[in-house]
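The sequence lines fix the lettering, A, B, ..., with proteins before strands; numbering per chain opens at 1. We use all heavy atoms of the structure for the numbers below, so side chains are in, but hydrogens, waters and symmetry mates are not.
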Amino acid sequence: MRYSQYYIPTLKEVPKEAEVMSHKLMLRSGMIRKLSSGVFTYLPTGLRSLNKVSQIVREEMNRAGACELLMPMVQPRSLWDETGRWEQMKGVLLQFQDRKGSDFCLGPTHEEVITDLVRGELRSYKDLPKTLYQIQTKYRDEIRPRFGLMRGREFLMKDAYSFDRTKEDTFKSYEVMREAYKKIFSRCGLQFRPVLADSGDIGGSLSHEFQVLAHTGEDRLLSCTKCDYCCNVEVHNGKNQCPQCRGELEELRGIEVGHIFYLGTKYSEKMKAFFIDEDNKEKPFEMGCYGIGIGRTIAAAIEQNHDEKGIKFPKALAPFEVVLINLDPEDVKTSEKAEELYQYLVKHKIDVLYDERKERPGIKFNDADLMGIPLHIVLGKRGLQNQKISIKNRFTGGSSEVELSHIEKKILESLK
RNA sequence: CGGGGUGUAGCGCAGCUGGCUAGCGCACCUGCUUUGGGAGCAGGGGGUCGGAGGUUCGAAUCCUCUCACCCCGACCA
């Protein structure tokens, strides 16, 4: 991508609406803009990051045997009346009517729709287990949207739903998802903890949150210093001792980016979603549901990884892997070399942003730092006279001068 | 919803105890000079002061209502 053709409106100053770091930096780096409270436009670089997270999630879901589908955002009241949640969730449901006066809502979650979908179609125990998922925009009319993408009203979420024959089978599906979640957040380059949690409003009796560790996190966690036990402080055992190994618990702060629940038959019973079991009897599906906030994951990554200059994106989430900074775009030789390198990177399918703007060096360096692009390749007239190009790693801060003849090899190595 | 706060140019702000033509920094446009970490000088464009109503000879400024946004609380991915 050529910078001058791209749309990256960076800001020198922080809009006063932003209070937390991730929100400030996403606005400043031109990733998002607010349309209304809790409702955001993803600009090109923001969308790139969003798509990177989505793709990682998609790959791991598929690997775990889940099947992707896409459900509607607009949902009829009738489904919500079946579970009683039309009234129960009135607070967060954005309800409205169509031209005929029928009631609808924008989907804040999809238990009703998915259960409705399968109840006519998964008929036999032989059809089970099944896990279905989607990556889709949710709308929750939050009481108080805040902190940019951390808590929006409209947000992109991956939601998966498992259907099993027995409770024991559901625990297996649940475990598969738990492992998939660990892979997802590891691949995102994040420090996180799976945390024993309260199951909240969705219902069910077993749940884990996936918390990205950050001092600015809203959730307080108790993590064992000896074993892998970690729980939300909301789960009060009243003790400061690990229930698994009696080790000491330390308090950490986290941002909830994922949550998995065992639902049981809560929805399947109410919605009469039955399958025929081996004994020829109708039984309600045993269900689980599994969410990941895609946008929130990006915000959490920024909370966890930034410095005074801007974002320090893990490579997996960065909008671009490489920024190629041409310091002397008016100089023919420099531009020829830069163009050659740009084409080389494009050919090798590396996400590269080629900064060929007629701007001063400081502006280019600062924009690259602000956006958090992991690898900076800087070439200018001065360096080329000595046959040198410099490479800088935004994450480690290290930089080196590389011989012109080795530059391609060196770049590919640096990206590993 | 309860409590607190803010709305003046694209962004950040000053002006607000009633008075001239509404200002500053950044950004933007033109020209010259600069050019390896957010350049300098000179010139220039951009505002129904969130909206409505009121008080007054006169309102960004005072009063009433309203809307939007932000922060603290309950909620959540």
Side-chain angles (χ1 to χ4, degrees), chain A residues 9-20 23-24 27-28 30 33-39 53 57 88-93 108-110 135-160 181 184-185 197-202 207-212 218-219 232 234 254-261 289-300 309-310 325-331 334 357-370 376 378-386 388-390 392 399 401:
Chain A
T10 57
L11 304 172
K12 236 182 195 174
E13 284 173 292
V14 189
K16 69 176 172 191
E17 69 197 47
E19 199 79 6
V20 301
H23 191 191
K24 288 181 184 175
L27 288 170
R28 283 195 55 212
R33 288 291 182 263
K34 183 186 70 184
L35 179 61
S36 177
S37 179
V39 179
V53 176
V57 168
Q88 190 191 324
M89 290 185 69
K90 206 152 201 162
V92 291
L93 279 185
T109 176
H110 283 67
I135 296 173
Q136 193 243 20
T137 300
K138 300 285 187 260
Y139 190 92
R140 295 183 186 176
D141 208 7
E142 291 281 346
I143 302 164
R144 187 152 89 85
R146 60 180 146 170
F147 302 153
L149 292 193
M150 290 283 217
R151 187 200 248 61
R153 290 193 290 181
E154 187 179 295
F155 59 98
L156 192 65
M157 177 174 167
K158 185 282 299 181
D159 47 324
Y181 272 44
I184 288 167
F185 296 116
D198 234 5
S199 54
D201 232 15
I202 309 237
S207 91
H208 283 85
E209 294 166 348
F210 283 76
Q211 296 270 359
V212 168
E218 287 186 86
D219 290 320
N232 198 306
E234 290 162 13
I255 299 163
E256 183 189 349
V257 291
H259 203 156
I260 61 180
F261 303 85
C289 77
Y290 317 89
I292 291 179
I294 306 288
R296 188 184 278 185
T297 298
I298 295 169
K309 288 182 171 181
I325 299 176
N326 179 350
L327 292 177
D328 296 293
E330 314 253 26
D331 180 65
T334 309
R357 291 177 297 170
K358 293 184 177 65
E359 292 286 357
R360 300 174 66 83
I363 290 180
K364 299 184 182 189
F365 291 135
N366 283 312
D367 279 341
D369 287 338
L370 180 60
H376 301 188
V378 182
L379 68 172
K381 207 163 28 175
R382 195 177 296 176
L384 286 179
Q385 274 163 4
N386 304 315
K388 302 271 193 189
I389 289 178
S390 59
K392 202 176 90 182
S399 79
E401 298 286 318

Requested in this report: Any strand is fair game: report the nucleotide pairing with B/rA52 by Watson-Crick or G-U wobble, both distances under 3.5 Å, or none.
Outcome: B/rU64
Query raised in the report: Which value, in whole Å, describes the distance between the C1' atoms of nucleotides B/rA27 and B/rG45?
Result: 13 Å
Query - Inter-nucleotide P distance (B/rU6, B/rG15), Å rounded - result: 12 Å
Query raised in the report: Taking the side chain of A/Arg28 as its heavy atoms from C-beta onward, which of B/rC11, B/rC76, B/rG38 lies nearest to it?
Result: B/rG38
Requested in this report: Could you tell me whether the side chain of A/Glu13 has a donor or acceptor atom within less than 3.5 Å of a complementary atom in the base of B/rG25?
Outcome: yes
Report task. Could you check how far CE of A/Met150 sits from P of B/rC71, rounded to whole Å? Result -> 12 Å
Query - Inter-nucleotide P distance (B/rC49, B/rG43), Å rounded - result: 29 Å
Requested in this report: Go through the steps to decide whether A/Lys158 and A/Gln136 satisfy the test side-chain contact (heavy atoms from CB on, under 4.5 Å), and finish with yes or no.
Outcome: CA-CA 6 Å; A/Lys158 185 282 299 181; A/Gln136 193 243 20; over 6 Å; no
Report summary line: Per nearest nucleotide of RNA chain B, the residue lying toward the 5' end, A/Leu11 or A/Leu156, is A/Leu11
Query raised in the report: With a 4.0 Å cut-off, would you call A/Lys34 and A/Glu17 a salt bridge?
Result: yes
Query - Separation between the C1' atoms of B/rC26 and B/rA14, rounded to whole Å - result: 15 Å
**Report entry** Non-neighbouring partners of A/Asp219 that pass salt bridge (Lys or Arg N to Asp or Glu O under 4.0 Å), sequence neighbours left out
**Finding:** none
Which pairs, protein N/O on one side and nucleotides 67-70 of chain B N/O on the other, fall under 3.5 Å?
residue : atom : partner : partner atom : Å
B/rC69  : OP1  : A/Ser36 : OG           : 3.2
B/rC69  : OP1  : A/Ser37 : N            : 3.0
B/rC69  : O3'  : A/Lys34 : NZ           : 3.2
B/rC70  : OP2  : A/Ser37 : OG           : 2.9

Pull out every protein N or O sitting under 3.5 Å from an N or O of nucleotides 29-34 of chain B, one pair per line with the distance.
residue : atom : partner  : partner atom : Å
B/rU34  : O2   : A/Arg360 : NH1          : 2.8

Query raised in the report: Sequence neighbours excluded, which residues qualify as salt bridge (Lys or Arg N to Asp or Glu O under 4.0 Å) partners of A/Glu218?
Result: A/Arg146, A/Arg151
Report task. Could you check whether A/Lys392 gets within reach of a base, just the sugar-phosphate, or nothing at all, counting any heavy atom under 4.0 Å? Result -> base
Query raised in the report: Sub-3.5 Å donor-acceptor pair from the side chain of A/Gln211 to the main-chain atoms of A/Glu256, do we have one?
Result: yes
Query raised in the report: Charged N to carboxylate O below 4.0 Å: is that the case for A/Arg382 and A/Asp328?
Result: no
Query raised in the report: In whole Å, what is the span from the CG atom of A/Asp219 to the P atom of B/rG73?
Result: 12 Å
Query raised in the report: Who pairs with A/Lys24 by salt bridge (Lys or Arg N to Asp or Glu O under 4.0 Å), at least two apart in sequence or on another chain?
Result: none
Query raised in the report: Once you round it to whole Å, what is the distance between C1' of B/rG36 and CD1 of A/Ile363?
Result: 14 Å
Query raised in the report: Say you pick atom P in B/rC62 and the same atom in B/rC20; how far apart are they, in whole Å?
Result: 15 Å
Report task. Can you tell me, in whole Å, how much space there is between the P of B/rC32 and that of B/rC69? Result -> 46 Å
Report task. Identify the nucleotide, in any strand shown, that forms a Watson-Crick or G-U wobble pair with B/rA9, with both distances under 3.5 Å; if there is none, say none. Result -> none
Query raised in the report: Is there a donor-acceptor contact under 3.5 Å linking the side chains of A/Gln88 and A/Lys90?
Result: no
Requested in this report: Classify the side chain of A/Arg140 versus the base of B/rC75 as yes if they form a donor-acceptor pair under 3.5 Å and no if they do not.
Outcome: no
Query - Base B/rG37 paired with A/Asp369 side chain (donor-acceptor, <3.5 Å) - result: yes
Query raised in the report: Rounded to whole angstrom units, what separation is found between the CG atom of A/Leu379 and the P atom of B/rG36?
Result: 15 Å
**Report entry** Complement of B/rC32, any strand, by Watson-Crick or G-U distances under 3.5 angstrom
**Finding:** B/rG40
**Report entry** Sugar-phosphate only, base, or nothing, as touched by A/Gly383 at under 4.0 Å among non-hydrogen atoms
**Finding:** base
Query raised in the report: Does A/Arg357 make a side-chain donor-acceptor contact with the base of B/rG38, cut-off 3.5 Å?
Result: no
Query raised in the report: Which listed nucleotide (B/rC1, B/rA77, B/rG36) is nearest to the side chain of A/Ser390?
Result: B/rG36
Requested in this report: Identify, with sequence neighbours excluded, every residue that meets salt bridge (Lys or Arg N to Asp or Glu O under 4.0 Å) alongside A/Arg360.
Outcome: none
Requested in this report: Pick base, sugar-phosphate or nothing for A/Gly152, based on heavy-atom distances below 4.0 Å to the nucleic acid.
Outcome: base
Report task. Would you kindly give the CZ-to-C1' distance between A/Phe155 and B/rA77, to the nearest whole Å? Result -> 5 Å
Query raised in the report: With a 4.0 Å cut-off on heavy atoms, is A/Gly291 in touch with a base, just the backbone sugar-phosphate, or nothing at all?
Result: sugar-phosphate
Report task. Please determine, for B/rG73, whether a Watson-Crick or G-U wobble partner exists with both distances under 3.5 Å, and give it or none. Result -> B/rC1
Query raised in the report: A/His259 vs A/Phe261 aromatic rings, parallel, tilted or perpendicular, using cut-offs 30° and 60°?
Result: parallel
Query raised in the report: Taking all atoms of both residues into account, what is the closest heavy-atom pair of A/Pro145 and A/Glu142, and its distance?
Result: CD-O, 3.8 Å
Query raised in the report: How close or far is atom C1' of B/rG37 from atom NZ of A/Lys309, stated in whole angstroms?
Result: 7 Å
Query raised in the report: A/Phe365 side chain: which of B/rC76, B/rG38, B/rG36 is closest?
Result: B/rG36
**Report entry** Watson-Crick or G-U wobble mate for B/rC57, both contacts under 3.5 Å
**Finding:** B/rG19
Query raised in the report: Is it the case that A/Glu209 and A/Asn232 place a side-chain donor and acceptor less than 3.5 Å from each other?
Result: yes
Query raised in the report: Between B/rG37 atom P and A/Leu370 atom CG, what is the distance in whole Å?
Result: 18 Å
Requested in this report: Would you indicate what A/Asp141 reaches in the nucleic acid, counting non-hydrogen atoms under 4.0 angstrom: base, sugar-phosphate, or nothing?
Outcome: nothing
Query raised in the report: What's the CG-P distance between A/Leu327 and B/rG37, to the nearest Å?
Result: 9 Å
Query raised in the report: When you compare B/rG46 with B/rA22, how far apart are their C1' atoms, in angstrom units rounded to a whole number?
Result: 14 Å
**Report entry** A/Arg153 side-chain N/O to A/Ser37 backbone N/O, donor-acceptor pair under 3.5 Å
**Finding:** yes
Report task. Tell me what A/Val14 touches on the nucleic acid: a base, only sugar-phosphate, or nothing, going by heavy atoms under 4.0 Å. Result -> sugar-phosphate
**Report entry** Under 3.5 Å on both distances, the Watson-Crick or G-U partner of B/rG46
**Finding:** none
Query raised in the report: Hey, does A/Arg33 reach any base, or is it just sugar-phosphate, or nothing, if we go heavy atoms under 4.0 Å?
Result: nothing
Requested in this report: Give A/Asp159 one of three labels, base, sugar-phosphate or nothing, depending on what nucleic acid heavy atoms sit under 4.0 Å from its own.
Outcome: nothing
